[in-house]
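What follows is a set of notes on a single structure, which appears directly below.
Sequence lines set the chain letters: A, B, ... in the order given, protein chains first and strands last, and positions in each chain run from 1. If you're wondering where the values come from, they're calculated on a predicted model, not measured in any experiment.
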Amino acid sequence: MSPAWAVALVGVLLMVSVYLVAVMETIFGLRVSGVRGYGRAWALPMSRAALLLSQRRSVTERPDAQAWALAPALLGGLGAVALTAIPLAAGVEVADVDAGIVLFGAALVQVMVAVFLHGWAANSLFPVLGAFRMAALALSVSIPFSLVVITTALPAESLSVGLIISSQESLWNVVRQPLGLPIYLITGLGFSFWAPLQLPDARDLSGGTSAEVSGAALLVWRVARASILVAVAAMGAAAFLGGYLGPWLPGWLWMAVKTFGLLAILVWSGHRIARPRMETAVKLGWTVLLPLALVDVFVSGALTL
Amino acid sequence: MSGIVDFLFWVFAVAAVVTGWLVFRTDSMVRAAYWLMASFVAVGAILVTLDAQFLGLILILMMAGEMTIMAIFMVMYMMNPAGLNPMTMVHQHRTAAVAGAGAFVALALVGLLADFPDRPAPSGTDPTVDLGVELLGESMLVFESAGVALLAVMIGAIALVSKRGRYGDADEGSEEPILEKTE
Amino acid sequence: MSLDALLVVAAALFGAGVYGALSQQSFVMIMMGLELMLNATILAVVAFWWGSTGGNPEGQLLAIVVMAVMAIEAAIGFALVTNVYRVRKADITEKLRRLRG
């Protein structure tokens with residue numbers, strides 16, 4: 001794929017999926033509050049975005065202005081880079097990287113840097129607390145995350161995402177590695193700091209890293225955060241649910257159905273599961289998810305042999 | 001194609017050196033840590049242009065966490081916790097500058113003057129596969145030793161720093177009561 | 001892109017690392033200097049692997065070993081910094097004139 005097409009394709013895909021994530025978020029939000037009639041759900045995200053665009057930007061005392069401006073752009077860019085590693089249909093690969101799954105992992109781990117900078121640069125109390133939370137959260141979920149992602153490469157005997165998908169022709173990885181997908185989704189929520197693991201931007205910190213951000217900057221930050229969630233869901237569909245493989249329907253449609261199915265689960269859990277305390281989240285990562293991820297690696301390795 | 005790769009190589013090379021230099025020229029602790037990360041990312045990108053795709057990407061993957069930890073440690077332990085204020089914390093500046101320049105000149109001369117064999121990697125092989133086979137085949141011992149060393153280090157580091165909280169686990173009242181008079 | 005150019009870039013990174021490790025007062029900044037030197041080492045090792053060994057996989061293996069060294073250096077370094085801070089309340093090298101406990 002030529003670079004110009006790749007940039008255009010990834011950009012359009014991200015825009016559309018982020019909008020759909022916002023719609024889902026609204027629908028689930030209306031559901032939990034018992035409001036009937038979801039007709040407004042399609043327009044509400046747009047009017048919220050318009051409101052943010054018309055707001056004034058707040059400024060803090062002596063922020064690290066360059067880093068503050070860089071952070072949302074970096075976050076969105078990382079979402080786009082992570083998405084390039086994933087084949088969208090048979091033969092439609094934005095970037096055909098041999099070690100695609102490592103590229104995806106590298107992009108996601110850098111999310112921690114973007115969020116840390118975002119919180120730090122505001123030069124204000126709550127954002128910097130949010131930044132420290134992100135470091136603790138991301139470090140405790142990153143190892144189980146990497147382990148379950150790399151385990152999907154075992155049956156394929158390759159780090160290329162395309163080969164990982166085609167290795168699931170007979171059996172999806174979600175069946176072959178039953179521990180993989182749940183751990184992947186929980187840790188993926190942590191990386192995209194999405195509810196219920198929205199600890200770095202949580203309400204108990206008045207918005208955490210984005211406490212001092214308003215207006216267009218806040219809109220960009222939210223869009224970038226959703227783009228990470230989209231990339232996580234797309235990779236979940238590719239690595240565990242067989243990506244574009246499926247009968248009757250064309251490949252890209254299968255990929256879209258699986259991705260948005262996972263996105264629906266992720267967004268739904270944000271409205272149904274309470275946000276844990278920081279200590280609980282860190283403990284969950286190190287003492288529950290990490291051992292389970294190791295079991296996943298060993299069992300899958302033994303089965304592959 | 002190779003023109004683009006050459007151009008990218010020079011971009012990343014200049015970026016790696018400049019950001020590596022900025023690590024010690026900035027006043028902000030977090031900036032210092034992330035300039036260093038930028039230097040690592042640039043070197044990772046150079047490795048990718050050299051066909052060592054796996055090594056380059058894994059370097060980038062490793063560094064995000066490590067540099068964030070560095071930033072936090074600096075904030076934790078430095079005397080200027082605000083971190084955005086101007087500061088210079090250097091000693092023996094001239095000696096260090098001379099030593100740095102000397103190391104650069106000496107190593108660059110070795111690199112330029114020594115006669116290294118010119119045997120470029122053959123194209124058409126997959127270096128990632130080669131590396132995997134080597135790691136878990138011929139050089140299993142090296143891999144295992146690295147693993148055991150890392151395990152020993154993990155245990156040692158935990159032994160050095162771990163402490164229990166007031167009520168049991170570290171997260172239960174980890175703030176220890178001040179029993180001694182602080183200076 | 002040639003082996004010479006790669007080695008000069010690695011030498012520049014190493015020089016910056018030496019300067020940093022010698023000139024900085026803060027322990028963590030010194031560690032950054034060390035890391036920069038290891039960064040240069042990785043670049044040089046992979047450069048040799050690429051240009052001078054005919055794609056011998058052991059060259060890449062050496063880079064992995066250097067990365068392991070980097071992780072070990074960071075883990076032990078941070079543990080020591082933490083311990084020194086707890087025991088001596090020291091955060092810069094000047095406060096550690098005596099090595100005796």
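Annotation: A/Trp68, atom CH2; neighbour count of heavy atoms from other residues, nucleotides and ligands within 6.0 Å is above 12. For B/Gln92, the CD atom counts as densely surrounded, since its 6.0 Å shell holds more than 12 non-hydrogen atoms of other residues, nucleotides or ligands.
A distance of 11.0 Å separates OH in B/Tyr34 from CG in A/Leu70, rounded to the nearest 0.5 Å. Atom CZ of A/Phe116 and atom CE of B/Met67 lie 13.0 Å apart (nearest 0.5 Å). A distance of 6.5 Å separates OG1 in B/Thr128 from CG in A/Leu159, rounded to the nearest 0.5 Å.
Using a 4.5 Å cut-off between heavy atoms, A/Val97 contacts chain B through both its backbone and its side chain. When heavy atoms are compared at a cutoff of 4.5 Å, B/Met62 does not approach chain A at all.
Annotation: maximal heavy-atom pairing with chain B below 4.5 Å, among A/Gln66, A/Met278, A/Met134, occurs at A/Gln66. The candidate from A/Ala131, A/Ser158, A/Ala99 with the greatest count of non-hydrogen atom pairs under 4.5 Å with chain B is A/Ala99.
Interface with chain A: from residues 49-60 of chain B, residues B/Gln53, B/Phe54, B/Leu57, B/Ile58, B/Ile60 qualify, criterion being any non-hydrogen pair under 4.5 Å.
Here the closest heavy-atom approach between residue B/Thr68 and residue A/Ala135 is recorded as CG2-CB, 3.6 Å. Residues A/Gln110 and B/Ala64 share a closest heavy-atom pair of NE2-CB, 3.7 Å. Taking all atoms of both residues into account, the shortest heavy-atom contact from A/Leu139 to B/Gly65 is CD2-CA, 3.9 Å.
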